[in-house]
Amino acid sequence: MCGIVGYIGHKSAAELIINSLKKLEYRGYDSSGISVNCNGELFTQKRAGKIAVLDSVIDYESLKNCTTGIGHTRWATHGEPSDVNAHPHRDCNNELVIIHNGIIENYKDLKEVLIGRGHKFLSETDTEVVVHLIEHYKKELPLLDAVIKALQSVEGAYGLVVMSKKTPDVLIAARKGSPLVLGVGDGEMLIASDVSAVIEHTREVIYLGDGEVVEVRKDGYRIYDLEKNRIDKDIESIDWDIASIEKHGYDHFMLKEIFEQPETITNAFRGRILLDEAKVKLDGLRLSDEDFSNIERIIFIACGTSWHAGLVAEYLIEEYARIPVEVEYASEFRYRKPVLKKGDLVITISQSGETADTLAAMREAKAKGIKVLGITNVVGSTIARESDGGVYIHAGPEIGVASTKAFTSQITVIVLLTVLLARKKEMSFTEGSAILNDLVKLPELVKTILSTSEKIKEIAEVYSDKSNFLYLGRGVSFPVALEGALKLKEISYIHAEGYPAAEMKHGPIALIDQEMPVVFIAPKDEIYSKIISNMEEVRARKGRIIAIATENDKDIVKYADHVIYIPDVHKALLPILSVIPLQLLSYYIAVYRGCDVDQPRNLAKSVTVE
Ligand code: AGP
């Protein structure tokens, strides 16, 4: 997720754009850049680091009369954070510049063709192909038509703005899959990723739709579809304040990030599924066929929520790919004397890519000659850079300390990895198809669960005064039980433990009474009857039960005080769906308890120290 801003009007574009980018910094902040059109000359500055770094090098005095420009604050997806990978990106002759938020899925194919036509690329980004494509068509077409023609070849998601040095009175913007809003001012126009960058200048906005292109001048605009048919759209007035806008109207970043999951799960599998072959492509792993065939054991190393994702990986990869898996706490792995041998593959999981224990454990394994991969969210993070290969989860910045969308994106990537490994072994086309077809449907199923948030909020109120919780699950739902307990612990400060459901009889059952709510993850799977028995054991001791159950399961209401339903889906995908009610339950309980949900006491978003 990146932040983009375009301005055309009567004010100094450089100052206005930098100030607007600062309002979008929550969307991404690993690098930034600006281009300003001064009487037919383009002045571009780009810097790695936060916007303050870019701000410090701009000579505003020399640019004060330049009133057209574009700017970008980046959350890297392709190409690590650096000056050269920062946006805007330019064409061969520095006549065109572009800023972009999204992922161009077919950028490699396009880049190959464009290089063949003699285009020279400067960056490692996917975005740069678009400006060279426009350059190609602009030889024969006006700017607007060249942009439309170029976008007809582009696959993936974009919110973008293009500026040409030859037309300082025009900006062209387009949207498909990434948000873009047009701020309609008095003798000035702004184009931005969201209204937080616009509201200081105007509250009159037009929300662009997918497949729409807009030609913007300071005193007007024209909106088209990709066939260049004119489109009329209503101007809307914003009544939000800035603070709530960054959270898109949600009370906390955590809730915003929980509700972003349909989009972030989509971004995690976008461009990586070959449905026709029931296969998966994860080029970033940089593993040859021989490397794959030499894998005898996989060791996942992580901390916290990421460790829970590793536990899900153990269940899925062992069941479907029949490869032995170990899951290690990074802090333990780095200090004990683990037995590592040829054929071992270490995979670290880390949202931040900076967790000290995980980084140290990775270095320990590398020092022993073991190949190490990384599943991370931050492009260019230390773990990403030091791994031999890996997969980015593309969840965008996760601001809430409690990890939510990163976890479901980690699991999404783990499902992709499972299918990739399994289809190289015994998994049939049919089984692979079943998983991947359900994975593609998952974002809509997640929305179904999110629509029950009010019911979950009511349940949370009933139990927000409790002091202890137990979370129970069997099989691949056991790591979900651990994750649900961690969410509750870290944001509501209620003591909560996750256990394999059957393990309850070996001690925890002594805790059960009417003051101990028990959350069961109880999907209709092959061990459903066993989990029902565990629920009966809790009921017999007056325990109160909240059950996460498969939709249309009419029996479970006999054993639970509250039931939250999730759609039926392939078993391998259950952890992604079943965790979402637990995220919401912990969120609402914490809110009822007046806790600081986004920045819980004693916690940090990334534990970069031991
Ligand atoms: C999860 O909600 C916590 N914020 C914490 O357990 C986190 O998962 C852990 O610190 C690992 O962080 P990482 O994924 O960035 O390595």
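In this chain, residues are counted from 1 in sequence order. The structure presented is a predicted model; accordingly, all values stated were derived computationally and were not measured. For ligands, and for the atoms within them, numbers begin at 1 and follow the listed sequence. We use all heavy atoms of the structure for the numbers below, so side chains are in, but hydrogens, waters and symmetry mates are not.
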* Asked: With under 30° as parallel and over 60° as perpendicular, where do the rings of W307 and Y329 fit, or are they tilted in between?
  -> parallel
* Asked: Can you list the atoms of ligand 1 that are under 4.0 Å from a heavy atom of T305?
  -> 1 (C), 2 (O), 6 (O), 8 (O)
* **Exercise: identify the closest heavy-atom pair between Y592 and S464** => CB-CB, 3.7 Å
* To do: Check the angle between the aromatic planes of H87 and H72 and answer parallel, tilted or perpendicular using the 30° and 60° thresholds.
  => parallel
* Structure fact -> In ligand 1, the atoms that come under 4.0 Å of a heavy atom of A402 are 2 (O)
* Between S350 and ligand 1, is there a nitrogen or oxygen pair with a distance under 3.5 Å? -> yes
* Atom indices of ligand 1, in the order listed, that fall short of 4.0 Å to a heavy atom of S306 -> 8 (O), 13 (P), 14 (O)
* To do: Return the residue, atom name and 0.1 Å-rounded distance of the protein heavy atom closest to atom 4 (N) of ligand 1.
  => V401 O, 2.8 Å
* To do: Number the atoms of ligand 1 from 1 as they appear, then name those within less than 4.0 Å of a heavy atom of K487, with their elements.
  => 1 (C), 2 (O)
* Going by an N to O cut-off under 4.0 Å, is there a salt bridge joining D194 and R27? -> yes
* Structure fact -> Per side-chain contact (heavy atoms from CB on, under 4.5 Å), Y587 is matched among K487, H252, K457 by H252
* Using ring-ring contact (aromatic ring centres under 6.0 Å, His included) as the criterion, list what pairs up with H78, not counting sequence neighbours. => Y107, H394
* Asked: Between the candidates A330, A406, S352, which shows the shortest non-hydrogen contact distance to atom 15 (O) of ligand 1?
  -> S352
* **Taking atom 3 (C) of ligand 1 as the reference point, the nearest protein heavy atom with its distance** => E490 OE1, 3.5 Å
* Structure fact -> Sequence neighbours excluded, the answer for ring-ring contact (aromatic ring centres under 6.0 Å, His included) partners of Y499 is none
* Give the residue and atom name of whichever protein heavy atom lies nearest to atom 9 (C) of ligand 1, and the separation in Å to one decimal. => C303 O, 3.9 Å
* Asked: Got a sec: does the CZ of R322 have more than 12 other heavy atoms crowding it under 6.0 Å?
  -> no
* Structure fact -> Counting from 1 in the order shown, the ligand 1 atoms closer than 4.0 Å to a non-hydrogen atom of S403 are 1 (C), 2 (O)
* **Closest approach of any protein heavy atom to atom 10 (O) of ligand 1, naming residue and atom** => V607 CG2, 4.0 Å
* Structure fact -> If you scan protein heavy atoms around atom 13 (P) of ligand 1, the nearest is T355 OG1, 3.3 Å
